[in-house]
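Since the structure comes first, as structure tokens, the remarks are kept for the end.
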Amino acid sequence: MKRLWTSFTAISVLSSVLFVVPAAQAATLYADSQLGASDGWGSRTGSGTTAFTLNGGKSTTSTETPVTVVTTRDQLKTAVSGTTKAVILVRGTIDLNAGNTESTYASGTGYNLTTYQNAYYNNDSSAISTQETARAAAAAKQKSQVVISVGSNKTIIGESNTSIIKGGSLYLKGSNNVIIRNIQFQDALDFFPQWDPSDSGGNWNSAYDSMTLDGATNIWIDHCTFADKVTDTNSGMILKNTTTGEVKPFVRHDGLLDAKNGSNFITISYNVFQDHYKTSLIGSSDSTTTDDGKLKLTYHHNYFSNSKQRSPRVRYGMVHVYNNYYVGHADQVYGIGYSAKVYSQNNYINVDTAITKLAGYSGSESVKGKLYDTGTIYKAYGSSTEQSINIATASSPQVGTDVGWAPTSYYSFTADATANVPSIVSTYAGAGKSVR
């Protein structure tokens with residue numbers, strides 16, 4: 001799978017300090033500015049058979065592309081806005097909260113977590129209304145700070161394996177032709193989750209994926225590492241799920257990488273997704289019927305470590321999942337949602353979940369999704385015994401297998417032998433790793 005390389009001269013135009021990165025050095029820093037001509041759905045457009053040149057911010061008129069170096073949240077926000085072609089080099093750690101805290105955002109709103117919980121615990125409608133208004137005001141302040149809108153025609157590259165964006169979300173709404181590579185995304189934490197008593201008996205719901213694709217097209221996300229700190233806790237919690245009777249932990253994270261609202265032609269390659277509960281959701285609602293025929297994504301050579309579920313979870317989409325490596329704790333690997341059409345190929349699964357639970361239906365039963373699986377190797381976590389399995393037919397209840405499409409009808413590719421996937425993915429996936 002050929003990746004095209006170019007040279008860059010990196011110049012910061014967003015601070016008083018001029019940074020220059022020699023072209024030869026920048027080339028080693030993932031300055032691969034164009035997706036391969038047949039590298040998954042990201043390389044397609046139109047009906048899916050037409051080629052698309054996904055080159056992000058790469059100049060089409062010069063042999064060298066100016067690169068803006070960013071080191072702060074405000075610089076990043078400015079650099080990635082608009083539709084003008086731009087290459088952005090992330091240097092060091094960018095904390096999207098930029099020093100703001102839960103107390104900062106809550107100040108002046110009247111929100112207090114203990115008061116908020118007590119309002120629901122006592123079913124006090126007046127107090128609930130007051131605290132919900134206060135919570136919404138605090139949440140709006142945080143959102144305006146930590147959600148960064150990324151425009152079209154951008155390449156965002158981490159300068160090194162310590163290039164980090166944390167505490168918030170990159171939001172690609174309607175964006176086209178964007179490349180994001182070699183960045184660690186950490187702890188997109190929601191300070192103000194909402195209690196929803198109508199959600200399956202009561203659950204906390206939080207905002208902020210590390211990255212959200214909302215109506216975005218022709219996106220390539222490659223060699224990034226997505227992870228959260230473990231901050232969900234039962235400490236101080238009093239609200240119970242009425243169905244299970246359990247006190248629900250305070251959930252402060254949503255997804256790591258989600259796509260919705262007609263996002264289309266996406267390639268997600270050589271990334272690490274680790275230590276997360278709801279990792280990657282494709283399609284936000286059964287009722288979004290306009291997603292049908294869209295949500296075409298390819299996941300290949302990604303490392304899912306302790307990804308509890310949604311790896312991915314799909315509604316509607318024609319999603320190709322091949323040569324991925326799943327390791328550790330998992331409740332489920334694939335969520336086969338409403339009208340999903342998932343094509344799974346040569347994945348290696350080494351998790352602590354029974355074969356019968358690796359894939360399952362979720363959401364509405366009226367239009368069940370389908371899963372075609374071939375070449376999967378399963379090894380129970382902690383075991384040395386490998387098994388060749390078909391996830392779809394092994395699942396209970398069995399998942400339908402007629403997805404109605406095959407990737408080779410749209411783009412050419414060569415899948416690695418499944419037995420080689422652990423070595424390949426461990427060597428090459430994630431921020432700071434070599435390009436294969």
Side-chain angles (χ1 to χ4, degrees), residues 1-5 32-56 58 60 152-153 155 172 175-181 213 215-224 257 259 262-271 280 282-283 291-302 311-312 314-325 334 339-348 369-376 401-418 420-421 424-425 428-429 435-436:
M1 197 171 300
K2 187 177 180 181
R3 306 277 172 79
L4 305 180
W5 290 77
D32 178 356
S33 63
Q34 186 166 312
L35 180 66
S38 194
D39 192 346
W41 277 119
S43 66
R44 306 289 96 186
T45 191
S47 64
T49 57
T50 303
F52 180 89
T53 302
L54 205 173
N55 58 14
K58 177 185 175 182
T60 57
S152 298
N153 306 311
T155 297
L172 283 66
S175 307
N176 174 257
N177 191 31
V178 176
I179 296 170
I180 301 173
R181 305 191 72 203
L213 311 180
T217 54
N218 295 108
I219 311 296
W220 181 28
I221 302 160
D222 178 72
H223 278 85
C224 292
L257 172 56
S263 290
N264 212 7
F265 303 121
I266 317 295
T267 295
I268 300 167
S269 58
Y270 291 96
N271 301 287
S280 191
I282 309 305
D291 280 343
D292 199 15
K294 299 178 181 178
L295 298 176
K296 299 181 182 73
L297 294 89
T298 300
Y299 291 77
H300 73 83
H301 296 93
N302 299 290
S311 305
V314 180
R315 294 181 176 95
Y316 288 107
M318 295 165 62
V319 177
H320 187 197
V321 185
Y322 78 94
N323 284 157
N324 298 286
Y325 185 29
Y334 302 142
S339 196
K341 296 166 278 288
V342 178
Y343 196 104
S344 167
Q345 188 172 15
N346 291 27
N347 296 290
Y348 195 105
K370 303 291 179 60
L371 167 66
Y372 174 85
D373 182 50
T374 184
T376 294
T401 60
D402 182 12
V403 297
W405 74 286
T408 51
S409 296
Y410 298 92
Y411 52 86
S412 61
F413 70 101
T414 301
D416 290 304
T418 311
N420 297 333
V421 166
I424 293 169
V425 172
Y428 295 104
V435 175
R436 189 178 171 208

Return yes if a side-chain donor-acceptor contact under 3.5 Å exists between Thr50 and Thr45, otherwise no. no
Any donor-acceptor N or O pair under 3.5 Å, side chains Asn324, Asn302: yes
Looking at CD1 of Ile268 and CG of Leu297, how far apart are the two atoms once the value is rounded to the nearest 0.5 Å? 5.0 Å
Side-chain donor/acceptor of Asn264 to backbone N/O of Lys296, under 3.5 Å: yes
Check against side-chain contact (heavy atoms from CB on, under 4.5 Å), Tyr411 and Ser38: CA-CA 6 Å; Tyr411 52 86; Ser38 194; 3.3 Å; yes
Which heavy atom of Asn346 sits nearest to which heavy atom of Ala415, and what is that distance? ND2-CB, 4.0 Å
Are a donor atom and an acceptor atom from the side chains of Asn271 and His301 found within less than 3.5 Å of each other? no
Evaluation steps, side-chain contact (heavy atoms from CB on, under 4.5 Å), between Ile179 and Leu35: CA-CA 8 Å; Ile179 296 170; Leu35 180 66; 5.8 Å; no
Specify the closest pair of heavy atoms between Ile282 and Pro312, including all atoms of both residues, with the distance to one decimal. CG1-CB, 4.2 Å
Closest non-hydrogen atom pair, Tyr348 against Thr418: CD1-O, 3.6 Å
Rounded distance [0.5 Å steps], CG in Leu54 versus CZ in Arg44: 11.0 Å
If I take atom CG from residue Asn218 and atom OG1 from residue Thr53, how far apart are they, to the nearest 0.5 angstrom? 9.5 Å
Exercise: identify the closest heavy-atom pair between Ser263 and Gly215: OG-N, 3.0 Å
Can you check whether Tyr428's main-chain N or O pairs, donor with acceptor, with His223's side chain at less than 3.5 Å? yes
Looking only at heavy atoms, the pair that brings Val178 and Asn153 closest together is CG2-N, 4.2 Å
Just do the side-chain contact (heavy atoms from CB on, under 4.5 Å) check on Phe413 and Asn323 with the steps written out, would you? CA-CA 12 Å; Phe413 70 101; Asn323 284 157; over 6 Å; no
Mind checking whether Ile221 and Ser269 have side chains closer than 4.5 Å, heavy atoms only? no
Walk me through whether Thr267 and Tyr299 qualify under side-chain hydrogen bond (donor to acceptor under 3.5 Å, both in side chains). CA-CA 6 Å; Thr267 295; Tyr299 291 77; over 6 Å; no
Under the rule for salt bridge (charged side-chain N to carboxylate O under 4.0 Å, His left out), what residues qualify as partners of Lys341, not counting sequence neighbours? Asp292
Ion pair Arg181/Asp222, N-O distance below 4.0 Å: yes
Describe, in one word, how the ring planes of Tyr322 and His300 are oriented to each other, choosing from parallel (under 30°), tilted (30 to 60°) and perpendicular (over 60°). parallel
Exercise: do Asn177 and Asn55 side chains pair donor with acceptor under 3.5 Å: yes
Under a plain distance cut-off of 3.5 Å, with no hydrogens placed, do Ser344 and Tyr334 share a side-chain donor-acceptor pair? yes
Which one of Leu213, Leu257, Leu295 satisfies the side chain to side chain contact (heavy atoms under 4.5 Å, CB included) criterion with Ile266? Leu213
Does a donor on one side chain and an acceptor on the other come within less than 3.5 Å for Tyr270 and Arg436? yes
Please enumerate all residues that pass side chain to side chain contact (heavy atoms under 4.5 Å, CB included) together with Ser47, with sequence neighbours excluded. Thr49
Please identify each residue that fulfils ring pair (Phe, Tyr, Trp, His ring centres under 6.0 Å) with Tyr410, with sequence neighbours left out. Trp41
Is there a side-chain contact (heavy atoms from CB on, under 4.5 Å) between Lys294 and Phe265 once you walk through the steps? CA-CA 8 Å; Lys294 299 178 181 178; Phe265 303 121; over 6 Å; no
Side chains of Tyr343 and Thr374: donor-acceptor distance under 3.5 Å anywhere? no
